[in-house]
A.B. asks: 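Once you've had a glance at the structure underneath, I'll fire off some questions.
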Amino acid sequence: MSVSTAPESSARLNYSPLRERTAAFFGRHIIRVIGALATVYLLLPIAVIVVMSLNKPAGRYNFTFNEFTLDNWTNMCGPYGLCESVGLSLQIALGAALAATIIGVLAAYALTRFRFRGQGMANILVLLPMTMPEVVLGASLLTLYVNVGIPLGPVAILLAHIMFCISFVIIVVKARLAMLDPSLTEAAADLYATPWRTFRRVTLPLAAPGILAGAVLAFALSLDDFIITNFNSGNAMTFPMYVWGAAKRGVPPQVNVIAVVIFLVVMALAVTMSIVATVRANRSR
């Protein structure tokens, strides 16, 4: 009695050690390869900014690399009004981040820890500044300022930035508060701690990473904003508006220097936060 070996022969023909090793290699490394390509894609514009900060352009426009120089770094405030615009942007961003963080933390705590009538509507209203187009938001704020009598300028910009930064702080802090164990606050109450003492000694330290993340996000959004600022700036000149105005006549290479400095500061803050979080996690084990 003979047994057909056709399926076995077909399997041997389809089997390929090279194909199997190739599939196993890509299966192990495809995620790493995609992650590396995505990282390169994200960092490529920053690399261009770094290179152009060391360029001595031949004309007004800093689009092609002409000659290596360090003059842009040693004369960072050379172009008229550049450092003044950066200083104004930093002042507004710091003020907006501080105010938005204080208001956002209190609002997030109320929305997370308490139940009240209209809470669902409040959660929806928090999302509106994040979803509304900035053109509409900027024009609406301009109309409001004109009707109320608030003069356009740094104060108007600060109020506008606080308004749209609060939503981002609330979302970030709410996510952090939702991760906290409610039994910790209940234990503090069982030990006769007042609500304010519980918030200050238990909730606030545990929510500190989320609060810091919300503050950094608010600072970055305020520093980077152009559309809303353009509607309500009056004669004030922030850094994004300076870059937009300088683009018409040629952006000076010192703008790239400022961008590199901001990037390095943000990277230093991110690395510091990561180290602190790692140290705290190791201590808690």
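Throughout, numbering of the chain's residues begins at 1 and tracks the sequence.
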A.B. asks: Considering all heavy atoms of both residues, which atom of P129 and which atom of L137 are nearest to each other, and what is their separation?
C.D. replies: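 Scanning both residues completely, I find the closest heavy atoms to be O-CD2, 4.3 Å.
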A.B. asks: W244 vs F226 aromatic rings, parallel, tilted or perpendicular, using cut-offs 30° and 60°?
C.D. replies: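 W244 vs F226 ring planes: tilted.
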A.B. asks: Donor-acceptor check, side chain of T74 to backbone of D71, threshold 3.5 angstrom: yes or no?
C.D. replies: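 Confirmed, T74 side chain pairs with D71 backbone.
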A.B. asks: Using side-chain heavy atoms (C-beta onward) and a distance below 4.5 Å, is F231 in contact with V135?
C.D. replies: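 Result yes, sub-4.5 Å side-chain heavy-atom pair found.
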A.B. asks: Would a distance-only check, ignoring hydrogens and angles, find a side-chain to backbone donor-acceptor pair under 3.5 Å from S167 to V126?
C.D. replies: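 Checking the backbone N and O of V126 against the side chain of S167, a donor-acceptor pair under 3.5 Å is found.
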A.B. asks: State, yes or no, whether a side-chain contact exists between V261 and M76 at a heavy-atom distance under 4.5 Å.
C.D. replies: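 Counting from C-beta outward, V261 and M76 do come under 4.5 Å.
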A.B. asks: Is there a donor-acceptor pair closer than 3.5 Å between any side-chain N or O of Q119 and the backbone N or O of F114?
C.D. replies: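 Yes; judged by distance alone, with no hydrogens or angles, the pair exists.
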A.B. asks: Check V172 against G214 and note the closest heavy-atom contact, atom names and distance.
C.D. replies: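 Heavy atoms of V172 and G214 come nearest at CG1-N, 3.8 Å.
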A.B. asks: Within the 4.5 Å heavy-atom criterion, are N256 and V51 side-chain neighbours or not?
C.D. replies: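 A side-chain contact is absent here, since even the closest heavy-atom pair is not under 4.5 Å.
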A.B. asks: Could you tell me if the side chain of I92 sits less than 4.5 Å from the side chain of F219, heavy atoms only?
C.D. replies: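 Heavy-atom side-chain distance check fails, nothing below 4.5 Å.
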A.B. asks: When you measure from the side chain of N232 to the backbone of L152, do you find a donor-acceptor pair of N or O atoms at a distance under 3.5 Å?
C.D. replies: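 Side chain of N232 to backbone of L152: no pair is present.
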A.B. asks: Are there over 12 heavy-atom neighbours, none belonging to R113, within less than 6.0 Å of that residue's CZ?
C.D. replies: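 Counting neighbours around CZ of R113, more than 12 heavy atoms of other residues, nucleotides or ligands fall under 6.0 Å, so yes.
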A.B. asks: Transitively linked via ILVMFWY side-chain contacts under 4.5 Å: L70 with V257?
C.D. replies: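 In one cluster with L70: V257, yes.
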A.B. asks: Output all residues satisfying side chain to side chain contact (heavy atoms under 4.5 Å, CB included) with T112, sequence neighbours left out; order by chain, then residue number.
C.D. replies: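 Testing T112 for side chain to side chain contact (heavy atoms under 4.5 Å, CB included), a comparison that skips the adjacent residues, returns K174, L177.
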A.B. asks: Side chains of M52 and N72: does their closest heavy-atom pair fall under 4.5 Å?
C.D. replies: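 With C-beta onward as the side chain, the pair stays apart.
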A.B. asks: Within the supplied structure, the quantity of interest is the number of heavy atoms (other residues, nucleotides, ligands) at a distance under 6.0 Å from Y80 OH; does it exceed 12?
C.D. replies: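 Check fails, neighbour count at 12 or below.
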A.B. asks: Given side chains that start at C-beta, do those of D224 and P240 come closer than 4.5 Å, heavy atoms only?
C.D. replies: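 Side chain of D224 against side chain of P240, heavy atoms only: no contact under 4.5 Å found.
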A.B. asks: Any chain of hydrophobic side-chain contacts (each under 4.5 Å) joining V202 to W196?
C.D. replies: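 Looking at the clustering, W196 is in the same group as V202.
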A.B. asks: Of the non-hydrogen atoms in A93 and S222, which two are nearest, and what is the gap between them?
C.D. replies: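 Answer, listing the atom of A93 first, then S222: CA-OG, 3.3 Å.
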A.B. asks: Count the heavy atoms of every other residue, nucleotide or ligand shown that sit under 6.0 Å from CG of N147, and state whether that count exceeds 12.
C.D. replies: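 Yes, CG of N147 has more than 12 neighbouring heavy atoms, counting only those of other groups under 6.0 Å.
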A.B. asks: With the side chain counted from C-beta on, respond yes when L88 and P154 share a heavy-atom pair under 4.5 Å apart, and no when they do not.
C.D. replies: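 Sidechains of P154 and L88: in contact.
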A.B. asks: Inspect the surroundings of CZ in F68 and state if more than 12 heavy atoms from other residues, nucleotides or ligands are less than 6.0 Å away.
C.D. replies: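 Counting other residues, nucleotides and ligands, CZ of F68 exceeds 12 neighbours.
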A.B. asks: Any idea which heavy atoms bring S85 and L82 closest together, and the distance?
C.D. replies: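 Reported closest heavy-atom pair: OG-O, 2.6 Å.
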A.B. asks: Is a side-chain N or O of S89 found less than 3.5 angstrom from the main chain of F239, in a donor-acceptor match?
C.D. replies: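 Yes, because the side chain of S89 sits within donor-acceptor range (under 3.5 Å) of the backbone of F239.
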A.B. asks: Evaluate the side-chain proximity of R176 to P209: yes if any heavy-atom separation is below 4.5 Å, no if none is.
C.D. replies: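 A side-chain contact exists here, since the closest heavy-atom pair is under 4.5 Å.
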A.B. asks: Counting distance only, does the side-chain N/O of N55 pair as donor-acceptor with the main-chain N or O of N66 below 3.5 Å?
C.D. replies: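 Yes, because the side chain of N55 sits within donor-acceptor range (under 3.5 Å) of the backbone of N66.
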A.B. asks: So if you build clusters from Ile, Leu, Val, Met, Phe, Trp, Tyr with side-chain heavy-atom gaps below 4.5 Å, do L43 and L264 land together?
C.D. replies: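 Yes; L264 is reachable from L43 via cluster members.
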A.B. asks: When you measure from the side chain of T131 to the backbone N and O of L127, does any donor-acceptor pair fall under 3.5 Å?
C.D. replies: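 Side chain of T131 to backbone of L127: a pair is present.
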A.B. asks: For L221, does its backbone N or O pair with a side-chain atom of D225 as donor and acceptor, under 3.5 Å?
C.D. replies: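 No, because the side chain of D225 does not come within donor-acceptor range (under 3.5 Å) of the backbone of L221.
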A.B. asks: How far apart are the closest heavy atoms of S53 and V260, and which atoms are they?
C.D. replies: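 Taking S53 first and V260 second, the nearest heavy atoms are OG-CG2, 4.2 Å.
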A.B. asks: State, to 0.1 Å, how close A107 and I170 come at their nearest heavy-atom pair, and which atoms those are.
C.D. replies: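 What the structure gives for the nearest pair is CB-CD1, 3.7 Å.
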A.B. asks: For atom CE of M130, is the number of surrounding heavy atoms from other residues, nucleotides or ligands below 6.0 Å larger than 12?
C.D. replies: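 Yes, the 6.0 Å shell around CE holds more than 12 heavy atoms from other groups.
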A.B. asks: Looking at Y145 and A156, would you say the former's side chain and the latter's main chain have a donor-acceptor pair under 3.5 Å?
C.D. replies: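 Yes.
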